[in-house]
Amino acid sequence: MFTGIVTDIGTITSVAQQGDTRVVIATAYDPATIDLGASIACSGVCLTVVDKSAGGDGPHWFAVDVSGETISRTARDQWTQGRPLNLERALKLGEELGGHIVTGHVDGLGTVVSVVEEGGSHRVTVRAGTDIAPFIAAKGSVTIDGVSLTVNTVRDVDGPDGQRAVEFGLNIIPHTWGVTTLGTIETDRTVNIEIDVLARYLQRMEHYRVNAS
């Protein structure tokens with residue numbers, strides 16, 4: 001369980017095929033405080049630490065195994081050498097819940113359609129498909145690449161494939177812009193989206209109610 005509050009930006013230093021894809025990520029986290037088997041959210045994807053090192057004279061790092069299923073459902077080019085990743089360690093009982101409840105499971109992908117500076121902040125608009133559209137609501141919560149954000153605006157549109165889609169606006173404040181990978185976001189980038197977990201359960205309850213009546 002996570003909160004969507006990023007605590008480090010890691011960098012992928014190597015990618016190797018070992019059955020699954022073994023990804024090594026440089027981090028500022030102290031490896032002595034990371035247990036093997038611990039969960040770390042990597043740009044919104046909950047992954048298990050399978051190796052780690054203090055790095056000697058180099059950076060600290062930890063390694064994760066990324067399955068083909070995960071690669072197929074996450075942002076394109078995410079698992080490539082040199083890619084920066086938003087990192088968050090798992091929430092501990094008693095810690096402050098600063099964002100919202102985040103599971104680290106990607107529900108779908110979105111495409112950035114515009115990035116506009118507004119004062120010191122940036123207005124980012126993301127387009128997502130019909131699988132995501134019912135779960136996006138103004139003033140609701142959404143996770144983009146592992147970052148907890150508030151939806152400002154919602155607009156239903158026709159997607160490039162002729163299917164109904166949704167475009168939603170996000171206000172990225174200077175702090176978030178500076179301490180996450182959102183500070184490098186640009187149009188046409190693919191992003192990982194996790195919907196609010198409460199919306200997921202409400203949709204399931206509504207589906208069950210309609211089909212049971």
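With contacts defined as side-chain heavy-atom distances shorter than 4.5 Å, the pair E167/T125 qualifies. In this structure, L85 and I25 have side chains that are in contact, with non-hydrogen atoms separated by less than 4.5 Å. For the pair F135 and V142, the minimum side-chain heavy-atom distance is 4.5 Å or more. In this structure the side chain of L149 reaches within 4.5 angstrom of the side chain of I172, judged on heavy atoms. Put simply, the side chain of W79 reaches to within 4.5 Å of the side chain of V45, judged on heavy atoms.
Cluster membership check: I173 does not share its hydrophobic cluster with V179, using side-chain heavy-atom separations under 4.5 Å among Ile, Leu, Val, Met, Phe, Trp and Tyr. Hydrophobic clustering, with ILVMFWY side chains joined whenever heavy atoms are under 4.5 angstrom apart, keeps V157 apart from V112. A continuous path of Ile, Leu, Val, Met, Phe, Trp and Tyr side chains, each step under 4.5 Å between heavy atoms, connects I136 with I144, placing both in one hydrophobic cluster. At a threshold of 4.5 Å between side-chain heavy atoms, the hydrophobic network of Ile, Leu, Val, Met, Phe, Trp and Tyr places V24 and V50 in two separate groups. In terms of hydrophobic clustering, with Ile, Leu, Val, Met, Phe, Trp and Tyr side chains grouped at heavy-atom distances under 4.5 Å, V126 and V147 are assigned to a common cluster.
D107 approaches I195 most closely through the heavy-atom pair OD2-N, 2.9 Å. Residue D156 comes nearest to V166 through the heavy atom pair OD1-CG2, 4.1 Å, listed as atom of the first residue, atom of the second, then distance. Shortest non-hydrogen contact noted between L47 and V66 is CD1-CG2, 4.1 Å. R89 and F2 make their closest contact through O-CD2, 3.6 Å (heavy atoms, listed as atom of the first residue, atom of the second, distance). Between Q78 and I12, the closest heavy-atom pair is O-CD1, 3.3 Å. Shown here for G68 and D20, the closest heavy-atom pair between the two residues is N-OD1, 4.3 Å.
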**Message:** Using the rule given for side-chain hydrogen bond (donor to acceptor under 3.5 Å, both in side chains), can you reason through N86 versus T181, listing the C-alpha separation, both sets of side-chain angles and the distance that settles it, and then say yes or no?
**Reply:** CA-CA 6 Å; N86 294 317; T181 63; 2.9 Å; yes
**Worked check of side chain to side chain contact (heavy atoms under 4.5 Å, CB included) between L170 and L182** = CA-CA 11 Å; L170 307 162; L182 297 184; over 6 Å; no
**Request:** Run the numbers on I185 and V124 for side chain to side chain contact (heavy atoms under 4.5 Å, CB included), then give the verdict.
**Result:** CA-CA 9 Å; I185 206 165; V124 176; 4.2 Å; yes
**Item:** Stepwise side chain to side chain contact (heavy atoms under 4.5 Å, CB included) test for R189 and T184
**Value:** CA-CA 10 Å; R189 179 179 293 185; T184 62; 3.4 Å; yes
**Item:** K139 vs N152, side chain to side chain contact (heavy atoms under 4.5 Å, CB included): CA-CA, chis, key distance, verdict
**Value:** CA-CA 6 Å; K139 306 308 177 184; N152 293 148; 4.1 Å; yes
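For I34, the CD1 atom is densely surrounded, since the number of other residues' heavy atoms within 6.0 Å is greater than 12. In R22, the CZ atom is crowded: over 12 heavy atoms of neighbouring residues, nucleotides or ligands sit closer than 6.0 Å.
With hydrogens and angles disregarded, no donor-acceptor distance shorter than 3.5 Å links the side chain of R127 to the backbone of A165. Side-chain N or O atoms of S121 include none that pairs as donor or acceptor with a backbone N or O of N171 at under 3.5 Å. Within the 3.5 Å criterion, the main-chain N or O of G4 finds a donor-acceptor partner in the side chain of E88. A donor-acceptor distance shorter than 3.5 angstrom exists from the side chain of N192 to the backbone of A75, with no hydrogens or angles considered. Using a distance-only test at 3.5 Å, with no hydrogens or angles considered, a donor-acceptor pair links the side chain of E194 to the main chain of G104. Distance alone, capped at 3.5 Å, is enough to place a donor-acceptor pair between the D30 side chain and the A32 backbone. Between the side chain of Y29 and the main chain of L87, a donor-acceptor pair closer than 3.5 Å is present. Between the S67 side chain and the T70 main chain, a donor and an acceptor come within less than 3.5 Å of each other.
Once rounded to the nearest 0.5 Å, the distance linking OG1 of T74 with CG of L109 reads 7.0 Å. Note: T190 OG1 to R76 CZ = 3.0 Å, rounded to the nearest 0.5 Å. Distance check: F168 CZ to R155 CZ gives 13.0 Å after rounding to the nearest 0.5 Å. Taken to the nearest 0.5 Å, the OG1 atom of T27 stands 4.0 Å off from the CG atom of D8. Here the straight-line distance linking atom CG of D188 with atom OG of S114 works out to 11.0 Å at 0.5 Å rounding.
For the pairing with H100, the side chain to side chain donor-acceptor pair (under 3.5 Å) check across T143, D196, T3 returns one residue only, T143.
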